[in-house]
Amino acid sequence: MTVIDPETQANWVPEADEVDEEEEMPLSLRLSIADTLTLGNATCGFMAVYFTTTGILIPHLTGSQESGMARHSAATAVILMLCAAVFDLFDGLVARKLRSSPMGAELDNLSDLISFGLAPAYFVLVYGMVADDAHQRVAALGAIVVLLAVVLRLARFSCVTVKDGVFQGMPSPFGALTVVSIVLLELPFVATLLAIVGTAWLMVSRVEYPKPRGRLAGAMLSWIVLSMGLLAAWAFDAPSGQLLLQTGCALQLVMGAVIPLFATARRVNNFRDNRREARATQLP
């Protein structure tokens, strides 16, 4: 028989309530809508690695009749990287409009490392193994350079505060798409490797790139959708599909070199405006 002291009965808390309080999920572990989009980014990056392996590398190692960069699997892998870029674009917009959990920044960096670091680096590695004129060990070195560039860029992004509206260095999604565009252009191996290393340098450089906001975000989304269409046309061997894909890849490289000029021009204009204002205040 259990006896309850009347004096302590008022202070007694049911065990069920204690369990409920302990099992309540901390705020830091609750995922927001933006976090869900970020996880979609990571999923697309992992699936890009999967299709690169099963559709390109394994058929090559097993002596399949389809040699080289198999069109369907290569196109699928790159389209998945493009989808990851879409998720990366929208998770930032949603986080600004609604909210992001305390894990948001960490989830974003980890997902970007998978989709825009591991996936394109692995794509370069497999290219070095299946292309006729490629050198496997040298291509592996290029892949490591891409991966380390993304790692350093993401680490610097977490530690360094830059001016609002710009990125310092080529953004990792743009860099990843530029790397795979270089591979799909099917240039000579030396030219391909040099262009890949140059892109990796741009990612860790201090060259300023504007953040995709407003009209620029819409333009980037339109370019991603167009790129998906070009990849689909190439994969299904549409008329002039190869030419369309090469044109799109070449435009990606040109944009990587030209877009920083807009940020530079804006900085020059701001400097001139500030100088004019300073002169105007000095006049009597």
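Just so it is clear, the model here is predicted, and its values are computed rather than measured. Hydrogens, waters and symmetry mates are skipped; everything else that's a heavy atom, side chains included, is used.
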If you count every heavy atom of other residues, nucleotides or ligands that lies below 6.0 Å from L221 atom CG, does the total exceed 12? yes
Shortest non-hydrogen separation from A176 to P120 and the atoms involved: CB-CG, 3.7 Å
Once you round to the nearest 0.5 Å, how far does CD1 of I56 lie from CZ of F123? 5.0 Å
Interatomic distance, L184 atom CG to Q242 atom CD [nearest 0.5 angstrom]: 9.0 Å
Report, as yes or no, whether the 6.0 Å neighbourhood of atom CZ on F189 holds more than 12 heavy atoms from other residues, nucleotides or ligands. yes
In short, K211 meets V166 closest at the heavy-atom pair CE-O, 3.3 Å
Rounded at 0.5 Å granularity, tell me how far CE in M255 sits from CG in L253. 9.5 Å
Rounded distance (nearest 0.5 Å) linking atom CG of D237 with atom NE2 of H72: 8.5 Å
Could you tell me whether the side chain of R153 and the main chain of Q168 form a donor-acceptor pair under 3.5 Å? yes
Is there a path from L118 to F51 through hydrophobic residues (I, L, V, M, F, W, Y) whose side chains come within less than 4.5 Å of each other? no
Could you walk me through whether L82 and L231 pass side chain to side chain contact (heavy atoms under 4.5 Å, CB included), step by step? CA-CA 11 Å; L82 289 167; L231 285 163; 3.6 Å; yes
Closest approach of V180 to L177 (non-hydrogen atoms, all atoms of both residues): CG2-O, 3.2 Å
State, with a plain yes or no, whether a side-chain heavy atom of D91 is found less than 4.5 Å away from one of T36. no
How close do S172 and M203 get, counting heavy atoms only, and between which atoms? CA-SD, 4.1 Å
To the nearest 0.5 Å, atom CD1 of I182 lies from atom OH of Y127 at 10.5 Å
Would you check if the side chain of T192 reaches a backbone N or O of L187 as a donor-acceptor pair within less than 3.5 Å? yes
Could you go through the side chain to side chain contact (heavy atoms under 4.5 Å, CB included) check for R137 and L141 one step at a time? CA-CA 6 Å; R137 294 183 179 179; L141 181 61; over 6 Å; no
For the side chain of S111 and the backbone of T38, is there at least one donor-acceptor N/O pair under 3.5 Å apart? yes
Closest heavy-atom pair and its distance - V49, A119: CG2-CA, 3.9 Å
Let's go through Q252 and W223 carefully: what are the C-alpha distance in whole Å and the side-chain angles of both, what is the deciding distance for side-chain hydrogen bond (donor to acceptor under 3.5 Å, both in side chains) to 0.1 Å, and is it a yes or a no? CA-CA 9 Å; Q252 176 72 28; W223 172 248; 2.8 Å; yes
Shared ILVMFWY cluster between L185 and L193, side chains joined below 4.5 angstrom? yes
Is there a donor-acceptor pair closer than 3.5 Å between any side-chain N or O of S115 and the backbone N or O of D112? no
State plainly whether one hydrophobic cluster holds both V150 and V207, where clusters connect Ile, Leu, Val, Met, Phe, Trp and Tyr through side-chain heavy atoms under 4.5 angstrom apart. yes
Atom OG1 in T52, atom CG in L57: separation rounded to 0.5 Å? 9.0 Å
Would you kindly confirm whether L251 and I259 end up in one hydrophobic cluster when ILVMFWY residues are joined by side chain heavy atoms under 4.5 Å apart? yes
ILVMFWY network linking L89 to M228, side-chain heavy atoms under 4.5 angstrom: yes
Got F87 and P173 here, is their nearest side-chain heavy-atom distance under 4.5 Å? no
Run the side-chain hydrogen bond (donor to acceptor under 3.5 Å, both in side chains) check on S32 and D35 step by step: do they pass? CA-CA 5 Å; S32 65; D35 297 334; 3.1 Å; yes
